[in-house]
Amino acid sequence: MRPLRAADAAATRLYGWRHNPLHQTGTVAAALLGLLIVTGLYLLVFYRVGAPWQSVQRLQADPWLGRWIRSLHRFASDALVVAVVLHAWRLFAQARAWGPRALAWTSGVVLLTVLFISGWTGYVMVWDNFGAQLAVSGARLFDAVPVLSEPVRRIFAGDQAVPSVFFFLNLFLHVALPLAAAAGLWIHLSRLARPALLPPRPLLYAICGALTLLAIVWPSPLAPEAALLSISSQVPADLFYAFWLPWADALPPWLAWTGALVTFGIAFAMPWFTHRPRTAEWTPSVVDERSCTGCNQCPQDCPWEAITMVPREHAHGAQSAFVARVDPAHCVSCGVCAGSCAPMGVGPADRTGRDQLARLRAFIERSDTLARRPVAICCEHAAPAHVAPLMEHGAEVRLVPCAGNLHTSVIELSLRAGAPGVMVYTCAPRDCRGREGPKWLHERVYNDREAELQARVDRARVATAVMAPGDWAGTLAAWTQFSAQLAALSESATVPLDEQLGAICEPVPLEEEAR
Amino acid sequence: MTMSWSRRIAGLVVAGGVLILLRAGSLTPLRTAPDGTAMLRLSWSARPERIEQCRRLSDAELAARPQHMRLRWECEGRFARYLLRVSVDGRVLAADTVRGGGLRSDRPMHVFREYAVIPGERRVTVSLRRIDAEVRPDSVADAATAAGTGAADRETREGQERRVRRAEALPALVRMDSTLTVAAQRVVLVTYSSIAHRFVIKRPAVLAFFTTEHTEETEGHDKSVGVKTAHHAKDCVALAGPPRSCTPLWPSGCSPCAPW
Ligand code: HEM
Ligand code: SF4
Ligand code: SF4
């Protein structure tokens with residue numbers, strides 16, 4: 001986690017949290033997959049299975065389009081591997097690889113494998129000396145598996161030209177596999193509500209532009225045609241796809257296979273290795289059916305589609321016919337539902353709106369600091385390193401697991417308890433472990449989304465800002481501006497907050513819950 | 001977060017660095033073989049000889065069989081195993097048994113071997129000798145049909161089929177003894193021609209080696225008449241100047257270094 005945070009901080013310093021590419025490796029990967037399909041379609045028009053290298057040579061000889069599109073296709077496929085590996089590393093480091101996310105993880109591992117195989121076929125298609133090396137090494141591994149009685153390597157012995165059907169098969173796989181990957185992406189994202197598929201426009205254009213620039217200014221050369229009766233002592237290898245080549249050639253095939261299968265097995269089984277007991281912060285959300293009014297808000301807000309509305313079993317009096325139900329197998333315990341429920345009837349144990357209010361009330365009874373200092377409610381994952389300096393700048397800091405968990409009544413109660421103002425710090429929206437925490441918080445505070453911050457609350461005393469590692473200046477600037485705004489308010493306005501707000505903050509009396 | 005110019009420039013420099021690393025990773029010179037290596041490659045597919053014990057069925061036995069199983073000659077047997085021996089300058093690189101593919105060894109024999117050799121003039125010997133004893137009572141079956149002892153059409157056809165199969169099969173011995181000049185970074189490919197029943201040396205497109213002496217031997221191929229044939233060709237002497245080589249494809253021996 002620490003290296004990830006350091007890398008995040010460095011990238012935020014350079015590009016700002018809005019365009020930090022490390023926050024959106026998944027969407028960058030999806031965008032690169034799209035770019036590969038587009039450039040690949042162009043190359044496909046010119047590729048000939050009967051004369052593979054010669055057709056690529058003709059493309060390479062065209063300085064206007066062919067050469068740089070070919071290079072762009074190559075560099076984008078390399079960038080794709082980098083993006084996917086970073087994406088997997090990020091999710092692993094953030095403990096987002098198990099439980100309900102297991103399907104996304106395991107399908108991701110399959111997607112990565114498909115990408116590697118597709119890259120393998122792509123390089124073999126060129127039929128330069130690197131492609132031949134990949135083909136021969138692959139055939140050597142394949143021959144170790146007792147499937148075919150005739151060794152595949154005989155195709156590359158050099159006694160006759162490699163048959164076009166071989167290149168046709170390669171071409172078929174090279175086209176079919178990325179299309180399968182695009183379809184596999186559907187499975188990969190099937191558990192997510194509203195998955196983001198593209199990075200923000202500026203980042204998308206910057207990445208595509210940078211790769212295009214590289215392809216134009218410094219295109220990839222074409223290596224000499226494969227000569228099967230010659231031995232190349234050196235080939236220009238693409239390490240993103242052929243990192244395994246030195247091992248595969250140096251190790252006995254069974255050991256190379258064992259290594260590959262064990263690596264795949266470990267990666268695939270990661271959700272089971274990293275599984276946590278579903279207690280404490282990992283308890284799934286539950287619905288208190290007595291409080292649920294059947295408003296259908298939490299199913300809309302849940303970023304993992306874990307909540308459905310079901311007919312209520314025993315409806316009493318004015319109770320709604322439908323009630324929310326959480327499927328624990330889909331719930332990742334993000335707590336976003338806790339902030340969505342006006343009557344505070346849903347959320348993971350100890351994190352419902354009611355729990356949040358009870359904790360705040362206990363604090364208010366214990367201490368009067370809230371009445372003296374503005375409150376900064378911070379997402380605990382956003383930038384832990386900013387918390388202490390923020391306190392030094394006069395903030396009364398309170399942590400929440402995710403800004404999307406925060407029930408707006410907590411903001412209201414804090415103000416009622418005398419806090420001059422409440423600032424909510426979220427993580428960078430594209431880096432939210434709850435996926436949509438900052439978005440829903442913003443909607444609830446400013447755009448009347450349930451459970452909205454009541455209209456009676458003075459918005460001038462409330463603010464939201466992003467707190468991202470590597471952007472202490474941004475955190476501080478938001479705080480300074482908010483403090484100045486509060487200072488200006490205290491000079492002009494003297495009207496105390498409505499004394500009766502307390503009653504409205506508590507939709508269901510706590511004593512009733514105890515009963 | 002507003003960006004200062006220094007940050008923007010640093011961002012561009014880092015992005016440029018990442019692109020350079022990406023390109024470097026995409027085109028890394030990878031060592032695949034040490035300099036000055038050469039290789040002897042054996043690659044072929046051939047049908048091993050079938051060694052079978054045949055018995056002529058009587059008319060009564062034939063009539064007792066279902067219609068689709070009425071073969072005059074009932075044969076049982078297996079496919080022969082061969083001893084593959086490879087040596088370079090007298091040093092034996094391989095001497096092992098090879099057999100037909102498939103679980104019952106009834107498929108063609110596929111050979112693919114590679115041996116690193118030191119470039120220079122090398123004497124390469126490759127031989128494939130049948131291990132299983134030459135019991136061939138089935139020749140009686142062929143002889144019977146060949147003699148046209150009044151057998152039915154089917155019997156004649158059966159005999160022909162057997163003869164064709166045998167003609168395609170590996171002979172009892174195929175041997176090649178060749179002194180070659182092997183160039184660095186080149187492969188000498190020895191393959192087997194199932195038409196000519198002999199080993200064939202393939203040359204790379206560029207000068208890889210030239211043959212200074214070449215002897216080959218095929219034994220027991222024409223089994224129906226039991227003739228032992230041997231080819232000795234010592235007529236390919238490499239000349240200075242443009243690269244020359246000979247590709248012995250026809251049983252008559254290699255034509256004297258035809259320019260290529
Ligand atoms: C072609 C390759 C891949 C693409 C294009 C891709 C893309 C994406 C996208 C767009 C998301 C959704 C982001 C969001 O809206 O929150 C996502 C989620 C996810 N990906 Fe990938 N991914 C790929 C490969 C992988 C790999 C190799 C792994 C892991 C081994 C992986 C693990 C995950 C997980 C666990 C999630 C769910 C995150 C969550 O629920 O919090 N992905 N992926
Ligand atoms: S905690 Fe709530 S919002 Fe989050 S996944 Fe579970 S049910 Fe959905
Ligand atoms: S938000 Fe609350 S009241 Fe509305 S459906 Fe969900 S649990 Fe029920």
Side-chain angles (χ1 to χ4, degrees), chain A residues 10-19 71 74-75 77-79 81-82 129-130 133 137 143 148-154 156-160 206 210-211 213-214 218 220-221 223 227-243 245-246 249 466 468 471 473-474 477, chain B residues 1-4 7-8 10-16 18-39 41-45 100-103 105 107-112 114 116 183-192 200 202-206 208:
Chain A
T12 295
R13 244 172 243 129
L14 292 172
Y15 305 109
W17 52 261
R18 273 192 193 83
H19 305 125
S71 292
R74 181 183 188 127
F75 298 145
S77 59
D78 296 330
V81 171
V82 175
N129 56 10
F130 171 54
Q133 185 69 37
S137 301
D143 285 342
L148 302 175
S149 69
E150 176 160 15
V152 179
R153 265 184 302 173
R154 288 232 326 111
F156 313 116
D159 50 345
Q160 53 207 342
L211 290 172
L213 191 70
L214 177 67
W218 203 10
S220 150
L228 293 170
L229 292 180
S230 298
I231 302 168
S232 315
S233 49
Q234 192 167 289
V235 294
D238 183 333
L239 290 189
F240 299 102
Y241 287 89
F243 57 89
L245 207 52
D249 286 346
V466 167
D471 186 22
Chain B
M1 182 175 181
T2 48
M3 287 277 182
S4 65
R7 287 254 171 109
R8 278 174 205 208
L12 283 177
V13 170
V14 170
V18 168
L19 287 179
I20 290 170
L21 284 180
L22 191 79
R23 193 185 183 282
S26 184
L27 289 152
T28 305
L30 185 72
R31 278 226 148 261
T32 44
D35 282 332
T37 339
M39 194 176 283
R41 179 181 295 157
L42 313 184
S43 170
W44 64 77
S45 287
L103 287 178
S105 306
R107 317 290 297 277
M109 162 205 292
H110 304 293
V111 169
F112 186 92
E114 286 182 326
Q185 312 306 128
R186 296 286 182 255
V187 177
V188 174
L189 170 66
V190 176
T191 182
Y192 169 77
V200 175
K202 292 273 172 165
R203 63 185 183 210
V206 194

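Here the structure is a predicted model, which means the values were calculated and not measured. The chains referred to below are lettered A, B, ... by the order of the sequence lines, with proteins before strands, and numbering in each begins at 1.
If you measure heavy-atom distances from B/V18 to chain A, you find no contacts under 4.5 Å at all. Looking at A/A227, neither its backbone nor its side chain comes within 4.5 Å of chain B, counting heavy atoms on both sides. Residue contact with chain B, scored on non-hydrogen atoms closer than 4.5 Å, involves the side chain of A/L245 exclusively. For a residue to count as touching a neighbouring chain, one of its non-hydrogen atoms must lie under 4.5 Å from one of that chain's; by this rule A/E150 touches chain B with backbone and side chain alike. Of the two parts of A/V81, neither the backbone nor the side chain holds a non-hydrogen atom closer than 4.5 Å to a non-hydrogen atom of chain B. Contacts between B/R31 and chain A at a heavy-atom distance below 4.5 Å involve backbone atoms as well as side-chain atoms.
Per-residue counts of heavy-atom pairs under 4.5 Å with chain B were compared for A/P236, A/A473, A/A242, A/A206; the largest is that of A/P236. The residue among A/F243, A/Y241, A/W218, A/F130 with the most heavy atom pairs within less than 4.5 Å of chain B is A/W218. Interface remark: of the candidates B/R107, B/Q185, B/R23, B/R23 forms the most heavy-atom pairs closer than 4.5 Å to chain A. No other option in B/V14, B/T191, B/L103, B/L42 has as many heavy-atom pairs under 4.5 Å with chain A as B/V14. Contact tally against chain B (heavy-atom pairs below 4.5 Å) for A/V235, A/D78, A/L214: the top residue is A/V235. In terms of heavy-atom pairs under 4.5 Å with chain A, the best-connected choice from B/S43, B/G100, B/G102, B/G16 is B/S43. Contact count versus chain A (heavy atoms, under 4.5 Å) is highest, among B/P34, B/G25, B/A38, for B/G25. Residue with the most contacts toward chain A among B/G101, B/G36, B/P29: B/P29 (heavy-atom pairs, distance under 4.5 Å).
Closest approach of B/A33 to A/S233, counting heavy atoms only: O-CB, 3.1 Å.
Between the CG atom in B/L27 and the CZ atom in A/R74 there is a gap of 4.0 Å [rounded to 0.5 Å].
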> Please walk me through it: do A/D159 and A/R154 pass side-chain contact (heavy atoms from CB on, under 4.5 Å)?
Replying inline: CA-CA 9 Å; A/D159 50 345; A/R154 288 232 326 111; 3.8 Å; yes
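Remark: the backbone N or O of A/Q133 is paired with a side-chain donor or acceptor of A/S137 at under 3.5 angstrom.
Counting only heavy atoms from C-beta outward, the side chains of B/V187 and A/L228 never approach each other to under 4.5 Å.
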